[in-house]
Amino acid sequence: MISKDIELAAEIVKNDGVIGFPTETVYGLAGNIYSTKAVNKIYSIKQRPLHNPLIVHIKEVGDLDQIAIEIPEIAGIMAQKFWPGPLTLVLKKHPNISELITAGHQTVAVRVPNHPIALALLRQLDFPLAAPSANPFGSISPTTPEHVEAYFKEKVPVVLDGGNCKEGIESTIVGFKGESAVIYRLGSLSKEEIEKVTGPAILFNKAEEAPEAPGMLSKHYAPQSTLYVTDNLSESISKFSDKKIGLLTFRQHREEQNSKHQVILSPIGSLKEAASKLYTALHELDAMKVDIIIAERFPDHDLGRTINDRLERASKQ
Ligand code: AMP
Ligand code: MG
């Protein structure tokens with residue numbers, strides 16, 4: 001059920017239940033971090049392998065000490081600057097954090113979401129929420145309450161309605177080697193924004209050898225239709241001319257293509273707008289049951305880098 005009733009959602013999570021809730025990035029599947037029953041439910045509903053850890057959501061920076069220990073100075077500075085916001089910090093876990101949440105790691109991923117409903121819910125609780133994205137493992141992340149409901153039906157009794165997610169793409173996950181920042185997953189906070197605070201950051205991209213985050217798995221975020229990423233739209237459109245094509249472009253409309261099956265992410269050329277609409281567009285094109293989605297590769301900087309990362313992973317067979 002899609003609902004605006006925060007008290008009802010609070011009651012469910014207080015009783016070891018799991019709900020869908022909005023954040024500024026994507027919708028999450030949330031439960032009490034201190035309830036083994038709730039955390040197990042999250043993994044089973046999502047069909048997420050137990051070796052993939054969850055993100056802990058707290059209501060304010062002041063709660064960080066209950067989640068993590070030995071916090072590097074630079075991490076504290078980033079938390080002050082970017083929270084509430086789409087930055088997830090990977091830190092040494094507090095002994096009270098179960099290894100079920102961290103998937104056996106001694107590190108924990110944590111953030112303060114920047115969404116009034118998520119924060120209102122967290123403020124009604126005396127525990128933080130563990131919440132991965134509210135999609136079955138490997139599929140496109142949800143950016144509307146309807147996406148969550150369509151994925152899980154009655155398995156998730158309540159999805160709190162927060163409308164469309166403002167950022168529309170997952171948080172950026174950052175860990176530390178000493179005082180240096182390591183980006184485990186690109187997200188809606190750009191590498192450039194992070195580096196203004198941390199100096200040069202290392203981009204962790206050894207996905208095949210050590211998938212420390214499922215968002216780093218080479219195949220992820222995938223629609224049902226085949227996705228094809230290209231630098232040359234005209235060539236790709238003619239290559240697949242015998243197929244029903246769904247087209248995803250940055251700013252241009254393509255005359256040779258049926259407008260109905262075409263999504264332009266940002267006619268004004270804003271990477272932020274394009275990122276915020278990416279998953280909604282993939283959900284839409286997928287629902288049209290096209291044979292193939294052809295997506296234009298983005299300029300490889302700022303949020304274009306994050307968009308390209310998602311397109312690449314979604315296109316892996
Ligand atoms: P999701 O919320 O579904 O986007 O997934 C949470 C993301 O956080 C996944 O990519 C996790 O692997 C990542 N994550 C959680 N804990 C850790 C950790 N200790 N180290 C690295 N990544 C983590
Ligand atoms: Mg996810």
Side-chain angles (χ1 to χ4, degrees), residues 18 20-31 33 39 42-58 64 67-72 75 86-94 97-113 115 118 128-143 147-148 151-152 156 165 167-177 181-189 202-207 209-223 278-279 282-283 306 309-310 313-314:
V18 167
F21 85 135
T23 79
E24 81 282 28
T25 59
V26 300
Y27 274 73
L29 202 56
I33 63 163
V39 176
I42 294 174
Y43 280 101
S44 70
I45 293 173
K46 202 177 146 71
Q47 295 179 303
R48 181 164 176 124
L50 284 169
H51 56 79
N52 289 328
L54 309 178
I55 295 177
V56 172
H57 290 68
I58 54 176
L64 184 57
I67 310 297
I69 54 173
E70 298 171 27
I71 299 165
L87 168 73
T88 295
L89 294 175
V90 173
L91 300 166
K92 188 158 178 195
K93 81 174 190 70
H94 188 288
I97 301 296
S98 91
E99 290 194 11
L100 186 57
I101 287 176
T102 68
H105 290 93
Q106 290 311 302
T107 52
V108 61
V110 55
R111 79 180 192 102
V112 180
H115 192 292
L129 292 170
S133 54
N135 52 305
F137 182 66
S139 55
I140 312 169
S141 296
T143 50
H147 292 157
V148 184
Y151 274 144
F152 299 117
V156 177
C165 298
E167 304 290 348
I169 229 161
E170 293 82 355
S171 60
T172 303
I173 302 182
V174 177
F176 302 91
K177 289 224 166 20
V182 180
I183 300 178
Y184 286 112
R185 174 178 75 185
L186 289 164
S188 49
L189 185 65
I202 303 157
L203 200 53
F204 182 90
N205 62 2
K206 297 253 184 336
E209 294 102 273
E212 292 199 23
M216 299 297 293
L217 291 176
S218 56
K219 180 174 172 62
H220 205 80
Y221 313 107
L278 177 68
Y279 288 153
L282 285 174
H283 278 284
T306 302
D309 172 86
R310 296 304 189 272
R313 291 177 207 281

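Computed from heavy atoms alone, side chains included, the values below leave out hydrogens, waters and symmetry copies. The first residue of the sequence shown is numbered 1, and numbering continues consecutively from there. Counting convention: from 1, in listed order, for ligands and their atoms alike. If you're wondering where the values come from, they're calculated on a predicted model, not measured in any experiment.
Using a distance-only test at 3.5 Å, with no hydrogens or angles considered, a donor-acceptor pair links the side chain of Tyr43 to the main chain of Asn52. Under a 3.5 Å cut-off, the side chain of Ser188 and the backbone N or O of Thr25 do not form any donor-acceptor pair.
For ligand 1, the polar-atom distance check finds no N/O of Asn52 at less than 3.5 Å from any of the ligand's N/O atoms.
To the nearest 0.5 Å, atom CD1 of residue Ile69 and atom NZ of residue Lys92 are 5.0 Å apart.
Shown are Arg310, Arg313, Arg111; of these, the salt bridge (charged side-chain N to carboxylate O under 4.0 Å, His left out) with Glu170 is made only by Arg310.
At least one heavy atom of Val90 lies less than 4.0 angstrom from ligand 1.
Using cut-offs of 30° and 60° for the angle between ring planes, the His283 and His147 rings count as parallel.
Residue contact check: Pro132 has heavy atoms under 4.0 Å from atoms 1 (P), 2 (O), 3 (O) of ligand 1. Those atoms of ligand 1 with a heavy atom of Ala109 less than 4.0 angstrom away are 14 (N), 15 (C), 16 (N), 17 (C).
Residue Leu54 touches ligand 1 through its backbone alone, judged by heavy-atom distances below 4.0 Å. Counting heavy atoms under 4.0 Å from ligand 1, residue Arg48 touches it through the side chain alone.
The two residues Phe176 and Val90 make their nearest non-hydrogen contact at CD1-O, 3.9 Å.
When Pro53, Gly28, Gly187 are ranked by how near their heavy atoms come to atom 16 (N) of ligand 1, first place goes to Pro53. Of all the listed residues (Gln106, Glu170, Arg185), Arg185 holds the heavy atom that lies closest to atom 4 (O) of ligand 1. Atom 13 (C) of ligand 1 has its nearest heavy-atom neighbour, among Ile173, Val182, Val108, Thr107, in Ile173.
Around the Mg ion (ligand 2), protein N, O or S atoms at less than 2.8 Å comprise Ser133 OG.
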